[in-house]
Visitor: 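Quick one: this structure, given as structure tokens, is what I'll be asking you about.
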Amino acid sequence: MPPKKEKSTRKKKDPNAPKRALSAYMFFANAQRDIVRAENPGIAFGQIGKLLGEKWKSMNAEDREPYENKAEADKKRYELEKADYLKRKENEYLEKHEA
DNA sequence: AGCGTGATTGTTGGT
DNA sequence: ACCAACAATCACGCT
């Protein structure tokens with residue numbers, strides 16, 4: 001049973017919010033944005049989204065490789081962010097306690 | 001130890 | 001600034 005998503009997708013919860021990482025789709029969209037939009041000048045988001053989604057899944061694992069690859073790298077990027085973010089939290093915490 | 005959840009990522013276009 | 005479908009994510013925190 002999938003989670004129940006109500007509405008909106010943004011919300012803050014962390015003070016430093018290291019922000020997650022991008023997903024393969026984000027990289028894929030980055031590339032498609034240039035192409036899809038080039039082939040569909042003036043294409044609206046609704047069309048792009050559906051069209052992209054279809055093609056995205058239509059891509060072979062080999063095609064997703066570059067995107068997944070980037071996604072992986074991006075994840076690591078986030079890893080560092082969160083690491084630094086968590087560290088920062090600890091630092092603040094210690095500061096307060098030491099005072 | 002295992003589980004669920006939420007938050008987030010980026011595109012475009014319009015209001 | 002925000003929102004919407006589209007897809008992935010996946011680390012975090014909790015008990």
Side-chain angles (χ1 to χ4, degrees):
Chain A
M1 74 185 40
K4 46 159 93 172
K5 48 173 122 168
E6 306 243 326
K7 282 188 208 140
S8 301
T9 42
R10 86 244 176 285
K11 220 171 208 159
K12 249 182 178 288
K13 72 169 166 54
D14 283 312
N16 316 90
K19 320 288 199 196
R20 293 182 47 76
L22 275 75
S23 21
Y25 198 88
M26 300 302 105
F27 307 100
F28 164 83
N30 266 286
Q32 290 299 309
R33 161 206 83 184
D34 293 36
I35 303 150
V36 177
R37 212 193 156 204
E39 296 195 320
N40 305 285
I43 184 166
F45 167 83
Q47 275 62 266
I48 273 231
K50 287 173 182 177
L51 178 66
L52 241 67
E54 271 183 67
K55 297 204 163 200
W56 165 244
K57 285 188 173 152
S58 194
M59 292 179 92
N60 305 316
E62 288 99 70
D63 291 309
R64 289 175 23 171
E65 259 190 344
Y67 308 107
E68 279 186 0
N69 179 345
K70 266 206 137 238
E72 253 182 79
D74 183 273
K75 177 194 158 306
K76 281 167 190 159
R77 186 94 215 97
Y78 164 77
E79 262 187 70
L80 302 167
E81 281 181 46
K82 130 193 159 251
D84 192 67
Y85 149 74
L86 291 169
K87 220 181 149 195
R88 196 175 173 177
K89 257 180 83 181
E90 207 184 309
N91 196 321
E92 267 182 54
Y93 173 85
L94 288 169
E95 228 179 78
K96 281 166 114 182
H97 272 247
E98 208 172 313

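Only this structure's heavy atoms are used, side chains among them; waters, hydrogens and symmetry mates stay out.
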Visitor: Is there a path of hydrophobic side-chain contacts, each under 4.5 Å between heavy atoms of I, L, V, M, F, W or Y residues, that connects A:Val36 with A:Leu22?
Guide: yes
Visitor: Could you list the protein-to-nucleotides 6-8 of chain C atom pairs, N/O on both sides, closer than 3.5 Å?
Guide:
unit_1: C:dC6; atom_1: O2; unit_2: A:Tyr25; atom_2: OH; d: 3.4
unit_1: C:dA7; atom_1: OP1; unit_2: A:Lys57; atom_2: NZ; d: 2.9
unit_1: C:dA7; atom_1: O3'; unit_2: A:Trp56; atom_2: NE1; d: 3.4
unit_1: C:dA8; atom_1: N3; unit_2: A:Ser23; atom_2: OG; d: 3.4

Visitor: Taking the side chain from A:Asn30 and the backbone from A:Met26, do they hold a donor-acceptor pair closer than 3.5 Å?
Guide: yes
Visitor: To the nearest Å, how far apart are A:Glu79 CD and C:dT9 C1'?
Guide: 13 Å
Visitor: What integer distance in Å separates A:Phe28:CZ from C:dA5:C1'?
Guide: 14 Å
Visitor: Determine the contact category for A:Phe27: base if any of its heavy atoms lies under 4.0 Å from a base atom, sugar-phosphate if only primed atoms, P, OP1 or OP2 are that close, otherwise nothing.
Guide: nothing
Visitor: Without decimals, in angstroms, what is the distance between A:Lys75 NZ and B:dT9 C1'?
Guide: 15 Å
Visitor: Distance check needed: C:dT9 P versus A:Asp74 CG, whole Å only.
Guide: 11 Å
Visitor: Return the value, rounded to whole Å, for the distance between atom NZ of A:Lys19 and atom C1' of C:dT9.
Guide: 16 Å
Visitor: Any ion pair linking A:Lys75 and A:Glu79 (charged N to carboxylate O, less than 4.0 Å)?
Guide: yes
Visitor: Round to the nearest Å and state the distance from A:Arg77 atom CZ to C:dT9 atom P.
Guide: 19 Å
Visitor: Are A:Phe27 and A:Tyr25 linked, directly or through intermediate hydrophobic residues, by side-chain heavy-atom contacts shorter than 4.5 Å (ILVMFWY only)?
Guide: yes
Visitor: Would you mind reading off the distance between A:Ile35 atom CD1 and B:dT11 atom P, rounded to a whole angstrom?
Guide: 15 Å
Visitor: Write down the distance between OH (A:Tyr78) and C1' (B:dG10), rounded to a whole number of angstrom.
Guide: 17 Å
Visitor: Mind checking the CZ-NZ spacing from A:Arg77 to A:Lys70? Nearest 0.5 Å is all I need.
Guide: 11.5 Å
Visitor: Throw together a table of side-chain donor-acceptor distances under 3.5 angstrom for residues 42-60 of chain A, partners on residues two or more places apart or in other chains.
Guide:
unit_1: A:Asn60; atom_1: ND2; unit_2: A:Asp63; atom_2: OD2; d: 3.3

